[in-house]
Amino acid sequence: SDSNETSHWLRFESDPQVTDEDGTVKNCRIAIAYQMVEEKNSKKPYKWKIIPLDHGQVSIYFPAEKETSKLRFHIHAPFASTVARDSVRDCEANRQLRDHISTLVVESMFRIRDAGMLTVSFLAVLPNEEDALDTFYKPIRAKLVKAFREDALTPTKSKVHAPAMNLLQGPSKISNVINDNDLSELLGYEKPVWVAKPSQQNQREDKFLESLGIDEWGWYELANILSPWKCQMRER
């Protein structure tokens with residue numbers, strides 16, 4: 001029956017210290033959980049893929065029923081709740097917990113990358129601007145964007161990961177012909193150069209990449225590179 005279906009989760013935990021409202025320092029267990037599915041048609045014996053949830057849950061040892069994070073993964077922390085125990089209060093201790101959750105989310109990216117699961121499709125799990133996160137949860141997205149821009153996390157066309165701030169994006173008709181080696185030679189960039197492109201535009205993956213501020217390199221830039229060569233050929 002449907003009630004006997006098994007779900008699979010990738011969970012990360014840590015035990016940060018938080019200063020309570022009365023000045024007490026306490027150890028707190030926090031956690032995040034990503035849903036995984038098995039891709040049985042993979043060339044490997046089995047392959048796990050992380051997928052976005054429709055509605056990420058916020059738990060305070062129990063689900064906070066009226067708390068909406070708009071994240072696509074679950075988070076847990078001993079947040080101070082409202083009297084009704086169904087939502088999270090905006091207070092200093094909770095903001096500390098939220099910031100520790102942000103750090104844990106970023107740390108999980110490196111482990112997901114090293115496990116071979118930080119693919120372009122995985123980017124659909126991450127919050128983008130159109131998710132309109134509540135102010136309380138926006139620092140999680142901000143810390144993720146900073147990490148993808150500055151650290152080797154962003155998927156590239158050459159199947160490795162690099163800081164988004166060092167990458168370029170452009171039309172497939174160009175990137176399929178001018179590879180990383182060619183573009184690196186033309187521009188004096190270190191490889192890799194091209195960011196990986198989602199199979200479809202305007203999906204969650206594409207919207208997260210848009211938030212990384214990756215520079216465009218397209219037909220105009222190509223024409224500027226080629227124009228000196230044309231002049232030299234005419235002079236000959």
Is [X] linked to [Y] within one hydrophobic cluster, defined over Ile, Leu, Val, Met, Phe, Trp and Tyr using a side-chain heavy-atom separation of less than 4.5 Å?
| X | Y | answer |
| --- | --- | --- |
| Leu53 | Ile140 | no |
| Val160 | Met117 | no |
| Tyr220 | Ile178 | no |
| Phe73 | Ile51 | no |

Answer yes or no: is there a donor N or O on one side and an acceptor on the other, between the side chain of [X] and the main chain of [Y], under 3.5 Å?
| X | Y | value |
| --- | --- | --- |
| Thr154 | Phe148 | yes |
| Glu205 | Phe122 | no |
| Lys70 | Ala132 | yes |
| His76 | Ser59 | yes |
| Glu221 | Gly218 | yes |
| Arg11 | Ala33 | no |
| His161 | Leu118 | yes |
| Arg141 | Leu133 | no |
| Ser184 | Asn181 | no |
| Ser69 | Leu71 | yes |

Within a reach of under 6.0 Å around [atom1] of [X], are more than 12 heavy atoms found that belong to other residues, nucleotides or ligands?
| X | atom1 | value |
| --- | --- | --- |
| Phe12 | CZ | yes |
| Glu129 | CD | no |
| Glu216 | CD | yes |
| Glu185 | CD | no |

Rounded to the nearest 0.5 Å, how far does [atom2] of [Y] lie from [atom1] of [X]?
| X | Y | atom1 | atom2 | answer |
| --- | --- | --- | --- | --- |
| Ile60 | Thr82 | CD1 | OG1 | 7.5 Å |
| Leu209 | Gln203 | CG | CD | 12.5 Å |
| Trp48 | Leu10 | CH2 | CG | 10.5 Å |
| Gln17 | Thr24 | CD | OG1 | 12.0 Å |

Please examine the side chains of [Y] and [X], heavy atoms only from C-beta on, and report whether any two atoms are closer than 4.5 Å.
| X | Y | result |
| --- | --- | --- |
| Pro155 | Thr119 | no |
| Ile174 | Trp194 | yes |
| Gln96 | Glu92 | yes |
| Ile50 | Ile112 | yes |
| Thr156 | Leu167 | yes |
| Cys28 | Asp15 | no |
| Tyr61 | Phe79 | no |

State whether [X] and [Y] are salt-bridged, where the test is any N-O pair (Lys NZ or Arg NE/NH1/NH2 against Asp/Glu carboxylate O) under 4.0 Å.
| X | Y | answer |
| --- | --- | --- |
| Asp131 | Arg204 | yes |
| Asp90 | Arg95 | yes |
| Arg111 | Glu107 | no |
| Asp180 | Lys157 | no |
| Arg29 | Glu13 | yes |

* To do: Compute the centroid of each ring, for Tyr34 and then for His74, and state whether the two points are separated by less than 6.0 Å.
  =>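 For Tyr34 and His74, the ring centres are not under 6.0 Å apart.
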Closest non-hydrogen atom pair, [X] against [Y]:
| X | Y | value |
| --- | --- | --- |
| Pro171 | Trp217 | CD-O, 3.8 Å |
| Ala93 | Val18 | O-CG1, 3.8 Å |
| Ala80 | Cys91 | CB-SG, 4.2 Å |
| Gln169 | Ile214 | NE2-O, 3.0 Å |
| Trp9 | Ser7 | NE1-OG, 2.8 Å |
| Leu97 | Pro78 | CD1-O, 3.6 Å |

* May I have the step-by-step check of side chain to side chain contact (heavy atoms under 4.5 Å, CB included) for Met36 and Lys49, ending in yes or no? => CA-CA 5 Å; Met36 297 196 303; Lys49 176 182 178 181; over 6 Å; no
* For Asn128 and Ser211, test the side chains for any donor-to-acceptor distance below 3.5 angstrom and give the result as yes or no. =>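 Ser211 and Asn128 do not have a side-chain donor-acceptor pair below 3.5 Å.
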* I would like to know whether Val120 and Lys197 meet side chain to side chain contact (heavy atoms under 4.5 Å, CB included); could you show each step before the answer? => CA-CA 7 Å; Val120 174; Lys197 298 193 73 167; over 6 Å; no
* Kindly determine whether Asp20 and Lys26 satisfy salt bridge (Lys or Arg N to Asp or Glu O under 4.0 Å), including the steps that lead there. => CA-CA 7 Å; Asp20 214 344; Lys26 59 182 181 181; 3.2 Å; yes
* To do: Test Lys191 against Asn166 for side-chain hydrogen bond (donor to acceptor under 3.5 Å, both in side chains), laying out the working first.
  => CA-CA 9 Å; Lys191 294 179 291 184; Asn166 296 343; over 6 Å; no
